[in-house]
Amino acid sequence: MQGITCIGLGKTYRGGIEAVSPLDLNFSSGRTTALIGPSGCGKSTLLRLIAGLEEPSVGDVRVLGQSPAEQRRRAGISVAFQDPSLLPWLTMQSNISLARKLARKPPDPARVARLIGLVGLGGFEKVRPAALSGGMRQRAAMARALASDPQVLLLDEPFGAVDELTRRQLARDLSPLWKSQGTTTLLVTHSVDEAIMLSDRIVVFSPRPARVVADLEVPYAAELGDGPEFRSLKDKVLTVLSASAAMAK
Amino acid sequence: MSSRMISRRGLLAGGAFGALLAGGLTRAHAQTVQAGFQLSWLHSVQFAGSYLALENGWWQESGLQVSLLQGGPNAPVEPPVVAGTALVGISAADYAASAIEQGGDFRIIGVAMQKNPFVIASLPANPVNVPADLQGKRIGMAIANTPVLKALCSLNNVDFNAITIVPTQYSAQPLVSNEVDCLLCWETDLPVAMAMNGIKAVTMLMADHGYSLHSQTYITTRDSLASRRKDLVALMAGELRGWQAYHSDTDAAAELTLRMFPDAGLDLATQKLQAKRQVPLMFSDLTDANGFGWWSDESVAANIRTLALLGHKVSPDLWDRSILDEIQAG
Amino acid sequence: MRTRDWLAVLLGPVLLLIGWQLLATGLEGKALLAGPVEVLHWLTQNIGLVARALGRTLGNAALGYLAGNLIAIVLTGIGILFPKLLGVIGGLALVLFCLPLIATGPILRSLMGQGEGPQITLAALAVSYTSLVTLLTGLRAVPSAWLDLVHVYGRKRFAELWFVRARAALPYLFAGLQIAAPAAFLGAMVGEFTGAERGLGVLTIRYIRALDVAALWGISVVATVVSIMAYAAVGMMARLVLHDLPPVVLLSSPASGRCGKGRFRDAVVLVVAVLLLWWGGIRLLGLNPFLAKGPLDVAAALTWSAEASESRAALFLAFRQSLGFALPGYLIGLGVGAGLAMLLVLVPAVVPLIMPIAVALRAVPIVTTAPVFVLFLGRGATGTITLVAVMVFFPALVACIHGLRQAPGQVLDVFDVYAAGPFRKLLYARIPAMLPALFAAARMSVPTAVLAVTVVEWLTTGRGLGSLMALSASTSNYRMLWSAVFLVTLFSVLSHAAVASLERHVLRIYAPEQVRQ
């Protein structure tokens, strides 16, 4: 099976804190899946397990048929972290091109320039991160994640510090970039709106340790936003979320 | 031979720094033999006889290339002599005795200072003229020299407990500022420094009160005595000529010292005074008769007595006159 | 800078000069202190002599500085690429750094013969440890997210080092280079005590004996000014290269997050490595057994030989004396450093007054100042304790200032909301935030305090371990010397470890992010 497959995947930290209880999940190739759930439920840990930044305590992950480590070696994965983590000594532009260097891909100034334009940072190419606002840094980090043409894109609340209007605009402008390339994308978010607008599927998690409490397909009509389809889906997600939160108490 | 092996190995070990040193060590000439001569302290007129020998080529004449190795507060004399880096070193009878107790195989082959240079220095207003004057006084000295003071006391029936020892660094300052009444120091350094600063000091030479201990002695190993006899004779013969020349004109010796070591921070007037002051310690009727560096059997016996008071048990074998004998024989 | 700022900067040094002159005038005739006028006169009279000596010492210091830092950089690189070796590399560097100069000097001289070798080597030794520690800190002081970024693309340690760590460590490298500058100068001067022909160290010895107070103070002033200039020059270079200021402090985290078992393993490996190097080094370098005593000789001297109990008694007496000076000096230095840092944060106006003096005190080479200090404060406990405190106080001051400023802005905002005054802010927010910095300084100052106390004892007071080592060397008692070296080094390393363990406990509460895996 292609895509991203988690088989009995679980993570328990030292001291017995269980971040992810064993999960069986498959994310199909070329689709965008939103992972949604209360804070601290283990979504970010799941993302890190898939990126191979952490070793699972139990179970296994396959990314496009390979282990995360092999997939990383082929530079198939990109991550936009919750914290933009730009390198302070590089200009915004160099931070973005750094991704291609790290991925051992030839420089592509045209693509970098286009990404900078798409995230609305034109004119700030030579500015260092310290002089950018929080939202601008997150947009740069997003551009960096896309710069290396990844096959798998992991987005960890990439627009957390961006205002609502810009967020919608970014979603509209950027999602075609990965959707048109057939990139397998996972998006961790708190915003139900964002989840519906950007993804083909929404997986809702319970409070920690994360279990799947709902797995919903997003019809194309809902993605367009604000119609009745959108509202009914949003209601559904919110109901599931509050029900599982109530159960946890 | 073994000496060169060791310094080569040292060079290899020195790695990056080796290259820097190589320049200094590869100046051997075809016919001359190299010999290191380890001095006991910084360059000064204290070693001017050796400078005269070097300057006048008296070692060169007999095919010996002598390099004078300066001493210093962190440059003990015995290790280079044992290791062979230095053929001869300048030590003293008590240091040689303790080195032998620690397994060194040394022999004294010449004595530059027949009289030990230790003095009790005091100010004229509150003088120490004889050992008995020490009672009730505060003396500034290094704690390490306590056995020296004890020996002086027992030689002269002075109550050691009636003296207050104030540990001081080696400087005349505590005496000048009246922190102590007297100092244990060398005749040729602190009193000279005081004189140059216009302060007159009273000095009581301990050698005049039974403290017999050869100082500024030439030491070498028994190994070298056997294997490098010719070099030792040449080195000591040069020394003898150098110090004879020194005796005839101490001012010239002081001037030469300054010429040879312009960067040593030496002062000509001080050096001239020091040069004069060490003459009575080095030259006597005995050396006039037998040549510089000579010692009598009686003085060896007296040295052994003093050394016993200092806690060293030595036999007269420590002194080996064969090199001086050979020079005298010509 | 505006004129007023300039005036503020100049005020400290000017007051210092005036105070110095007044004191010198008051003490005239005691051969204690030469005033600035007298010193200046001596310097102009002897300008050529001083310039040549300075040139020699500075040249050796520069070579040692280069070599020492290069070694530190290479070792750091190895440690980062092979983290398993890190504990042992750091430990060996610490052991080397803790070796008393009194013992290393003659050994180096007998290895290297005449010339500049020992001076350069001692300068290199004096800088390599601090540079290593700072660099390692810098290479580790990287947010884990930056490393994740590298790992996401499947890259390993080398890319980590190349793209992230090396650049992130630059400010730390410069901070290390900055403190290393005066240290190299000091190392070169001490190296000259082993029988060098020329240099400022040689002149220092000469003038102590000659009672030449003006010359002694003149040399001290020159050495201090040069050290400060070197310190400032590296700082300026850092500003040019980095665009921003280098961190003034080296907050290395203690032996990182190794677990107890890993630390124990490291310690065992380190002990074995040291013993092997000690034993093998003597054989490999062909050191003469008269001078060089191996681990077995020392063990014999301290346990089963006939004089063992006597030697032990002498050693422990000296050890007690040294500890009696070192411990109070160390604690006072840390206390004064922390206290002054708090004062500077509460009353920022005095910063330009205090800082130049503090920097000067740090940069002053202890071998020239030790005799001068002791001349001044007396040979009793005061002089020695003060010198140790002076050596310890500056790193503590700088670290604590940095730490006090670390209190997160938002925490301070919370205090502002409740209109808490600066004093309460200090007590409840800044001091807790300062603790990690204070402990880092405390750990790094352990070898410094030991160095200071042994040098003062050796050069001036004639008591304790420093004096015992000097005396043992002069009476050829090399068994005792090596035993003392062993004891001093062991004590330094163990105290370092003890402070580090205390530090870990403190960090777990006050800066948990620094003890992560």
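Order of the sequence lines sets the chain letters (A, B, ...), proteins ahead of strands, with each chain counted from 1.
At least one side-chain heavy atom of A:Thr33 sits under 4.5 Å from a side-chain heavy atom of A:Leu35. Between C:Trp146 and A:Pro88 there is a side-chain heavy-atom pair separated by less than 4.5 Å. With a 4.5 Å cut-off on side-chain heavy atoms, A:Ser21 and A:Glu18 count as touching. For the pair A:Leu186 and A:Leu155, the minimum side-chain heavy-atom distance is 4.5 Å or more. Annotation: side chain of A:Thr184 is not in contact with side chain of A:Gln151 (no heavy-atom distance under 4.5 Å).
Contact annotation for A:Leu154: neither backbone nor side-chain heavy atoms come within less than 4.5 Å of a heavy atom of chain C. If you measure heavy-atom distances from A:Ala99 to chain C, the contacts under 4.5 Å come from both the backbone and the side chain. Heavy atoms of A:Arg74 lying under 4.5 Å from chain C are absent altogether. Looking at A:Ser78, both its backbone and its side chain come within 4.5 Å of chain C, counting heavy atoms on both sides.
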| query | What's the verdict on salt bridge (Lys or Arg N to Asp or Glu O under 4.0 Å) for C:Glu160 and C:Arg155, showing C-alpha distance, side-chain angles and the deciding distance? | reply | CA-CA 7 Å; C:Glu160 233 180 68; C:Arg155 305 294 295 271; over 6 Å; no
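Between the OG1 atom in A:Thr5 and the CG atom in A:Asp24 there is a gap of 10.0 Å [rounded to 0.5 Å]. Summarising the geometry, atom CG belonging to A:Leu187 is positioned 9.0 Å from atom CG belonging to A:Asp156; distances are rounded to the nearest 0.5 Å. The distance from the CD atom of A:Gln93 to the NZ atom of A:Lys126 is 4.5 Å, given to the nearest 0.5 Å.
Among A:Ala51, A:Ser148, A:Pro150, A:Ser85, the residue with the largest count of heavy-atom pairs under 4.5 Å with chain C is A:Ser85. Ranking A:Arg144, A:Gln82, A:Glu70 against chain C, the residue ahead of the rest is A:Arg144, based on heavy-atom pairs under 4.5 Å.
Contacts between residues 102-124 of chain A and chain C, defined by a heavy-atom separation under 4.5 Å, are made by A:Leu102, A:Ala103, A:Arg104.
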